[in-house]
Amino acid sequence: VRIGIFDSGLGGLAIAMSIMDRLPQYDYIYLGDSKRVPYGNRSQAAIHEFTIQALDYLFAHECLLVIIACNTASAEAVRHSQQEYLPKNFPDRHVLGVLMPSVEAAVEVAGPGPIGVLATASTVDSGSYVRELQKRRPNVDVRQAAAPLLVPLVEAGGLKYARPILADYIDLLGPEPLSALILGCTHYCLLKDLVREITTTPVVSPDEVVPDRLEEYLCRHPEIERQLARRGERVYKVTDLGPGYADLAERLTGRSIPLELTSL
Ligand code: DGL
């Protein structure tokens with residue numbers, strides 16, 4: 001059996017690469033729902049429906065464990081699937097999101113001041129970061145801002161225009177210094193160096209924290225780890241394969257990724 005990695009599109013490849021580099025021995029299948037990307041401005045009901053379809057697909061393709069690399073899908077859909085869908089349909093399978101690892105890392109590095117979150121509109125609206133941060137640190141002041149220009153900017157190769165846009169979004173988080181800043185979206189991993197040039201606040205980027213947490217999870221769960229195949233196989237499935245997708249995948253990862261078309 002293998003590890004599944006799901007994202008709304010290709011942005012999750014940035015996180016997938018960091019996981020595969022850290023734990024290269026396992027077999028992986030990546031699924032990007034490129035036909036319906038972006039999820040970031042959709043309703044929670046639609047995101048939940050699409051996420052369940054993706055999980056059905058990945059479980060039918062020999063996944064014991066699925067990592068939801070998409071922050072927007074992790075925000076609410078992970079919790080719902082863990083509470084209802086998994087116990088009812090796949091009691092022996094496991095789903096992990098990227099929200100908790102980022103929340104835990106932020107709480108570890110943050111001083112007593114406010115914690116900032118940049119994410120998609122749906123992630124911000126879900127209130128999931130606020131809820132999870134306050135569970136671990138009651139009364140923490142969480143400053144969130146939706147940063148809708150960043151995903152299309154990264155996808156269109158517009159990194160050279162990103163600095164003033166990012167600086168404006170960071171300004172939206174308030175005038176006082178933040179004690180940590182969470183980059184709550186797949187694509188923002190590609191902007192982390194620039195964010196670190198703009199602000200001295202400690203930055204939490206999912207590609208840097210998720211592999212550690214997954215490794216810890218597998219150590220804590222040898223009964224899962226034992227079952228994973230170790231052939232180092234990688235398969236990359238997408239629900240739409242447009243003319244620019246291979247280039248985009250390469251731009252996001254710095255590697256050539258053999259994308260294959262599939263349907264859910
Ligand atoms: N993958 C999404 C996320 O991490 C960004 C792209 C989208 O809006 O679908 O939130």
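Keep in mind that this is a model prediction, so the values were computed, not measured. Start at 1 and go down the list; that is how both ligands and their atoms are numbered.
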Side-chain touch V117/L183, heavy atoms, less than 4.5 angstrom: no

Look at the rings of Y217 and H221 and say which category their plane angle falls in: under 30° parallel, 30 to 60° tilted, over 60° perpendicular. tilted

Measure the acute angle between the ring planes of Y30 and Y236, then classify it against the limits of 30° and 60° as parallel, tilted or perpendicular. tilted

When you check ligand 1 against the protein, what N or O pairs turn up below 3.5 Å? List the atom names and distances, or just say none.
| from | atom 1 | to | atom 2 | distance (Å) |
| --- | --- | --- | --- | --- |
| ligand 1 | 1 (N) | D7 | OD1 | 2.9 |
| ligand 1 | 1 (N) | S8 | OG | 3.1 |
| ligand 1 | 1 (N) | T186 | OG1 | 3.0 |
| ligand 1 | 4 (O) | N71 | N | 3.0 |
| ligand 1 | 4 (O) | T186 | N | 2.9 |
| ligand 1 | 4 (O) | T186 | OG1 | 3.2 |
| ligand 1 | 8 (O) | Y39 | N | 3.4 |
| ligand 1 | 8 (O) | G40 | N | 2.8 |
| ligand 1 | 9 (O) | S8 | OG | 2.6 |
| ligand 1 | 9 (O) | Y39 | N | 2.7 |
| ligand 1 | 10 (O) | T72 | N | 3.1 |
| ligand 1 | 10 (O) | T72 | OG1 | 2.6 |

Polar contact flag, side-chain donor to acceptor under 3.5 angstrom, D207-Y188: no

What's the verdict on side chain to side chain donor-acceptor pair (under 3.5 Å) for D33 and T239, showing C-alpha distance, side-chain angles and the deciding distance? CA-CA 5 Å; D33 190 9; T239 53; 2.8 Å; yes

Evaluate R36 against D240 for salt bridge (Lys or Arg N to Asp or Glu O under 4.0 Å), listing each step before the verdict. CA-CA 8 Å; R36 298 186 289 202; D240 187 28; over 6 Å; no

